[in-house]
Amino acid sequence: MNVTVEYSDGRKLELPKGSTAMEAISKFNSADARNAVAALVDGRRADLSARLEADAKVEPIRADSEDGLDVIRHTASHVMAQAVGHMFPGVKYAIGPSIENGFYYDFDLPRSLTEEDLKTIEEEMQRIIEQDLPVSRSARSKQQAIADAEAGGQTYKRELISDLPDGEEISFYTQGDFTDLCRGPHLPSTGALKCFKLLSVAGAYWRGDSRRQQLQRIYGTAFADAKALRTHLKNLEEAEKRDHRKLGKELDLFSTDQEIGQGLILWHPKGAMIRRAIESFLYEELFKREYDVVCTPHIASEKVYLRSGHIPKYEDMMYAPLVIDEERYRVKPMNCPGHIKIYQTRKRSYRDLPIRLAELGTVYRYEISGALLGMLRVRGFTQDDSHIFCTPEQLTDEIEGILDFVNYMMGVFGYTYKAYLATRPAQYLADATDEEWTRATEGLRQALVRRGLDYAVDEGGGVFYAPKIDIKLFDALGREWQGPTIQVDLNLPKRFNVTYTASDGQEHEAIIIHRTILGSMERFVGGLIEHYAGKFPVWLAPVQVRILPITDAHHEYARSLKRKLVAAGFRAECDDRNEKTGFKVREAAVQKIPYVLIVGDREVAEGKAAVRSRRRGDEGAVLFDDFLARLKSESESRLDV
RNA sequence: GCUAGCGUAGCUCAACGGCAGAGCACCGGUUUUGUAAACCGGUGGUUAGGGGUUCAAGUCCCCUCGCUAGCUCCA
């Protein structure tokens, strides 16, 4: 009996029924067979050992493809689990999936693991790999699987199995003395796992539930070949070098202080300079795009947050009330109510709309201590916030305008991005009608389409009061960052009765769009530090030029250059310390200053400066005025050159 | 918040339960210097804070604070 097998390139062959996927692949293409770690059989992922019992389409899953890496990592997690089982007989296994860039496995162990244990586990894994144990799939009934899990004392597995649908066969994978509940597919044998590395140990709750047992999770990664693994580890190292907390200290940008409090950022002069440069730029753009800038207070009576719905819904993120003249006040967790109150200080006509109110508003929110992280996750931060009040007809145009703004700003900072349309969640506000949800969501969608933006739909990913567009940023290392967000609010217009007078003379409910481009200044600057690895382009660099006189005789000339630079609006300083030039050059380089001007006898005589740029090094002497012109154009272009 | 690890001079890091140290930074001097670290000397510590064990604690134990990894959370 034969079956007809169609290969991914369209070729067909007759093979004996019951041939394995691997046999099929090797018949078609021996190179693919060497590279395959699993197969797609009729589009479904399967082991290479899977038998072809009927006509099928077969496609190899290559080791270096996304699916292939997933298979490799999943097998790696099983090998790790087996190794841990050897070290801790009686260990209870929880879950061990492959994840982006690696894998993990959660264990319930009698003692806590240390970093040294990872080495031992790695060695044991290596032994398992050298034994090249075949990985085989087997199926059991649910009852049998539960009985087996109970017999082995595997309480977590038991729970997992009992949650699986009844009546279906449940698959297990076995390699040597280790068997695990698993959907698969897996590598054909442990020897096919070429290179892996264990990375860290951490606590993790069973099923992510903090009320349940805390398990120990080991993270690791695995790749198709040693080179890919090395590259990945190098990237991790590079990311560590760029860590904004490390650079923030080295470049004297910011700090935190125990006595000031957790999650509160102290911006040092240089950090504040970067922030100010970004803010000035932002204000320029806001005015160009016809926003109005407002300021609202840092505390407000609790009444306004009761009305907005924040206290009922988000009180656990707000700080406790301050009692002032027997009235309860709150430190502001958001800027919307203030902006709405400004809108409502007069009657608004449709002719006035849209009204775009923007504020760099500082807000305070309670974040659990374990969530805090440098500048990226804090308890006090300044939002680049705006609320746009408009008519339903204006909605799409406004969203489009914001998308254009986003595109421009992200371009300047050198981020690429991807848009997500997040639709109505399962738990949503009942006050808004289906029509309103649809109108808001479609407004967002149409704006994306009109701008020709590629977007993914995040079904049910909206917030309870609004559908939204989330923009994810990709930095210089290709890492993902939370970026701009645009929300059409279906809650506040009703709660605050926000209206405008339409051409029919009637009051109509206004639409409120929340949007932020940069997010918070803290997070954005923290991210930028890592994106630029501390090498800020000239327009952002806290010190743009440092002048190094060779000896005392050149101090006066150096200072005159500094005065000219400062007068032209640049941030320049003169290093007239009693040190050798090599030493000063080194310090300027360590501080990542974009331009160093070295001045000695030759330069003084000719009105020149020897330019050393961060990017190109020694560029030789040029007329100072020429340098100034270059600096001006580079700074104004805001290019990262 | 939970689990684990960590916290020593401004910074980076040493110190078996036995005198708290180095480099850099800083200060004073010498040196007048040409593109990534000149030389000599000096100041600097209640070892995060508190309690305990011990003849003796940076080191062991307990509590508090903070940082970190992850879980969790993110209007």
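So that the names make sense, note that chain A is the first sequence line, chain B the second, and so on, each numbered from 1.
- Here the separation of U47(B) from C40(B), taken at their P atoms, is 31 Å to the nearest Å.
- For Y205(A) against G70(B), a side-chain-to-base donor-acceptor contact under 3.5 Å is absent.
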Fill in: Base-contact (B) and sugar-phosphate-only (S) positions in nucleotides 34-39 of chain B, heavy-atom cut-off under 4.0 Å, - elsewhere
BBBBB-
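- Under the 6.0 Å cut-off for aromatic ring centres, Y105(A) and F107(A) qualify, their centroids lying closer than that.
- Residue L215(A) is out of contact with every strand shown, counting any heavy-atom pair closer than 4.0 Å.
- Residue L548(A) is out of contact with every strand shown, counting any heavy-atom pair closer than 4.0 Å.
- Taking the ring centroids of F627(A) and Y595(A), they lie under the 6.0 Å cut-off.
- By the neighbour-count criterion of 12 heavy atoms within 6.0 Å, atom CD of E556(A) is densely surrounded, having more than that number from other residues, nucleotides or ligands.
- Remark: the backbone N or O of P337(A) is not paired with any side-chain donor or acceptor of S308(A) at under 3.5 angstrom.
- As judged by a 4.0 angstrom heavy-atom cut-off over every strand, Q262(A) is placed among residues touching the sugar-phosphate backbone only.
- Contacts of K249(A) with the nucleic acid, taken as non-hydrogen atoms under 4.0 Å apart, involve only primed sugar atoms and P, OP1 or OP2.
- The side-chain contact (heavy atoms from CB on, under 4.5 Å) search around D108(A) returns K92(A), Y156(A), Q213(A), L215(A), not counting sequence neighbours.
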Atom pairs under 3.5 Å: protein N/O with N/O of nucleotides 7-9 of chain B:
| from | atom 1 | to | atom 2 | distance (Å) |
| --- | --- | --- | --- | --- |
| G7(B) | N2 | Q258(A) | NE2 | 3.4 |

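- Contact check of residues 525-536 of chain A against RNA chain B (heavy atom, cut-off under 4.0 Å) returns no residues at all.
- In this structure, CZ of R245(A) is placed 18 Å from P of C6(B), rounded to the nearest angstrom.
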Pull out every protein N or O sitting under 3.5 Å from an N or O of nucleotides 73-75 of chain B, one pair per line with the distance.
| from | atom 1 | to | atom 2 | distance (Å) |
| --- | --- | --- | --- | --- |
| C73(B) | O2 | R377(A) | NH2 | 3.2 |
| C74(B) | O2 | R377(A) | NH1 | 2.2 |
| C74(B) | O2 | R377(A) | NH2 | 3.0 |
| A75(B) | O4' | Y314(A) | OH | 3.3 |
| A75(B) | O3' | Y465(A) | OH | 2.8 |
| A75(B) | O3' | Q487(A) | NE2 | 3.4 |
| A75(B) | O2' | Y465(A) | OH | 2.9 |

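- Comparing U59(B) with G17(B), their P atoms are spaced 11 Å from each other, to the whole Å.
- Between Y532(A) and K592(A) the shortest side-chain heavy-atom distance does not fall below 4.5 Å.
- Separating the CG atom of L376(A) from the P atom of G70(B) is a distance of 12 Å, rounded to the nearest angstrom.
- Here Y104(A) lies out of heavy-atom contact (under 4.0 Å) with every strand.
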Worksheet entry | Which nucleotides of RNA chain B pair, in dot-bracket form (Watson-Crick or G-U under 3.5 Å, | meaning another strand) | (((((((..((((....[..)))).(((((.......))))).....(((((..]....))))))))))))....
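- In this structure, the ring of Y319(A) has its center no less than 6.0 angstrom from the ring center of Y364(A).
- No hydrogens or angles considered: nothing links the side chains of D576(A) and H555(A) as a donor-acceptor pair under 3.5 Å.
- With F474(A) as the aromatic partner, K472(A) does not meet the cation-pi criteria of under 6.0 angstrom to the ring centre and within 45 degrees of the ring axis.
- Contact check, S369(A) against G1(B): a side-chain N or O comes under 4.0 Å of OP1 or OP2.
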